[in-house]
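Contents: one structure, followed by commentary.
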There are 2 protein chains.
Amino acid sequence: MPDRKTALLDSAERAARSRGFDGFSYADMARDVGIRTASIHYHFPSKADLSAALMSRYHESFAEICAQIDARHGTASARLIALIDCYRLAHGDAQRVCLCVAFSISRESLSTQVAGQLGAFRTMMRDWIEAVFRLAQTDGTIADVADPAAEAAATLALLEGAQLSARAENAPARFDDALRSMLSRAS
Amino acid sequence: MPDRKTALLDSAERAARSRGFDGFSYADMARDVGIRTASIHYHFPSKADLSAALMSRYHESFAEICAQIDARHGTASARLIALIDCYRLAHGDAQRVCLCVAFSISRESLSTQVAGQLGAFRTMMRDWIEAVFRLAQTDGTIADVADPAAEAAATLALLEGAQLSARAENAPARFDDALRSMLSRAS
DNA sequence: GTCTATAAGAGGATAGAC
DNA sequence: GTCTATCCTCTTATAGAC
């Protein structure tokens, strides 16, 4: 039984990730949660406030996920596979993309604060992935790692691009098609 | 001196690729081209018509580009590098993404016709890239090609994800960061 | 082909009652 | 906290004059 504010964030996140930042409205959320649009402004005065709260929660959530992966998995390959599983699960059979992807295209519609949060999220993820590839150079569980920073940038782009591909074609299998080569390096 | 219809398509494409499908309006195009919004409806009765024309032109344009790459470059690595160069150029220092990327996120806002065109474009590109990787298995100019279909899906996702990364962070270098590992396989 | 005028609706947002 | 009522702006689209 989440409180109303959480229910609103959940609704907004679902909508943003399936229709983009410019593709959902307070009216959608109101219908979804069962209150009037005016009431939403009590919790989130403006859409900029709402999206900042959305990004903030998303950032914390992924920081937690990465920490848990580190705690549960000791090898680079296991950590990479766990992250890929997480992205696959999150995009729910091609129905949603990562919030980061959803906001990236609408960058010009975002407040400067949210644009900053978007950059911070991407930096966090890239740094974490880079650490995984650096570990791989030591433990040898991922093949042919020459440049961990480049691998990290490529992996983040690949994960997001794979979600986008699957979403564009409404074909969940596209996600796994795009990740197949990367997964084969990690086994 | 392009005709007005072409000028409108150019304006719409620029806008869609920098702000997304839901992020541009007839008013923007009218300001851009120097006519009134009502006049645009003479050329494109609805936004669905406009976006169909946009996708159609985009599809033909890339089919032509791929054909020219085939004509000019004989090796798999040269063809792959040429495609990457084309995507880098097209995204103009992180200012724009591919039309396909721009439309993918707003998939639910698109007419069924345009959604179909989106799928057809992606299939064309994936097939062409797959042929490049099949050639690589013969001419050996790209390292470690095990599964051309998987490589094609990954490459398309990587190219689009790289554009998205650069756009999200307003950092042109992100595109090359993400492509570095792939380029090092092709040299 | 392009214009003015206008419709009809959706969007974000506020004021004030309860 | 939530409501009704309301505002203003933007958006797509149409009618009809020129």
Side-chain angles (χ1 to χ4, degrees), chain A residues 1-56 99 102-103 105-115 117, chain B residues 1-55 99 102-103 105-115:
Chain A
M1 55 191 72
D3 63 18
R4 188 129 285 179
K5 199 163 181 171
T6 306
L8 287 167
L9 283 173
D10 290 344
S11 169
E13 184 177 321
R14 239 176 296 128
R17 289 173 53 192
S18 67
R19 295 193 293 277
F21 177 81
D22 292 312
F24 81 99
S25 67
Y26 275 40
D28 297 324
M29 297 166 60
R31 211 174 302 117
D32 206 17
V33 169
I35 59 175
R36 300 294 180 150
T37 61
S39 310
I40 302 178
H41 286 278
Y42 168 79
H43 298 283
F44 304 100
S46 74
K47 209 177 172 183
D49 296 313
L50 171 64
S51 37
L54 234 35
M55 270 309 298
S56 169
L99 189 64
F103 277 13
I105 289 189
S106 310
R107 199 183 158 278
E108 293 194 9
S109 307
L110 305 177
S111 69
T112 53
Q113 188 199 354
V114 176
Q117 289 176 289
Chain B
M1 53 192 72
D3 61 17
R4 188 130 281 176
K5 198 162 183 172
T6 305
L8 287 167
L9 283 173
D10 291 343
S11 169
E13 185 178 317
R14 238 175 297 128
R17 289 173 52 190
S18 68
R19 295 193 292 277
F21 177 82
D22 292 313
F24 81 98
S25 69
Y26 274 40
D28 297 323
M29 297 167 61
R31 210 174 304 115
D32 208 14
V33 169
I35 58 175
R36 300 295 182 149
T37 60
S39 310
I40 303 178
H41 287 277
Y42 168 80
H43 299 284
F44 304 102
S46 74
K47 208 176 173 181
D49 296 312
L50 171 64
S51 38
L54 234 35
M55 271 309 298
L99 189 65
F103 277 13
I105 288 188
S106 309
R107 200 184 156 277
E108 292 193 10
S109 306
L110 304 178
S111 68
T112 53
Q113 188 199 353
V114 176

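In what follows, chains carry the letters A, B, and so on, assigned in the order in which the sequence lines appear, proteins first and then strands, with residues in each chain numbered from 1.
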For the pair made of [atom1] in [X] and [atom2] in [N], what is the distance, rounded to whole Å?
X        : N      : atom1 : atom2 : result
A:Asp49  : C:dT14 : CG    : C1'   : 14 Å
B:Asp3   : C:dG1  : CG    : C1'   : 12 Å
B:Leu50  : D:dA13 : CG    : P     : 10 Å
A:Met29  : C:dG12 : CE    : C1'   : 12 Å
A:Leu110 : C:dG12 : CG    : C1'   : 16 Å
B:Leu8   : C:dG1  : CG    : C1'   : 12 Å

**OP:** Would you jot down, in residue-number order, the residues of residues 35-48 of chain A having a non-hydrogen atom under 4.0 Å from DNA chain D?
**Re:** A:Ile35, A:Arg36, A:Ala38, A:Ser39, A:Tyr42, A:His43
Subject >> B:Arg19 bridged to A:Asp22 by N-O distance under 4.0 Å >> reply: no
Subject >> Qualifying residues under side-chain hydrogen bond (donor to acceptor under 3.5 Å, both in side chains), relative to B:Arg36, sequence neighbours excluded >> reply: none
Subject >> CD1 on A:Ile35 to CE on A:Met29, rounded to 0.5 Å >> reply: 7.5 Å
Original post:
Do A:Lys5's NZ or CZ and the ring of A:Phe44 fall within the cation-pi criteria of under 6.0 Å and 45°?
Top reply: yes
Original post:
Would A:Thr6 and A:Leu9 count as a side chain to side chain contact (heavy atoms under 4.5 Å, CB included) if you check the C-alpha gap in whole Å, the side-chain angles of each, and the deciding distance to 0.1 Å?
Top reply: CA-CA 5 Å; A:Thr6 306; A:Leu9 283 173; 5.5 Å; no
Original post:
Side chain of B:Ser11, backbone of B:Ala7: donor and acceptor closer than 3.5 Å?
Top reply: no
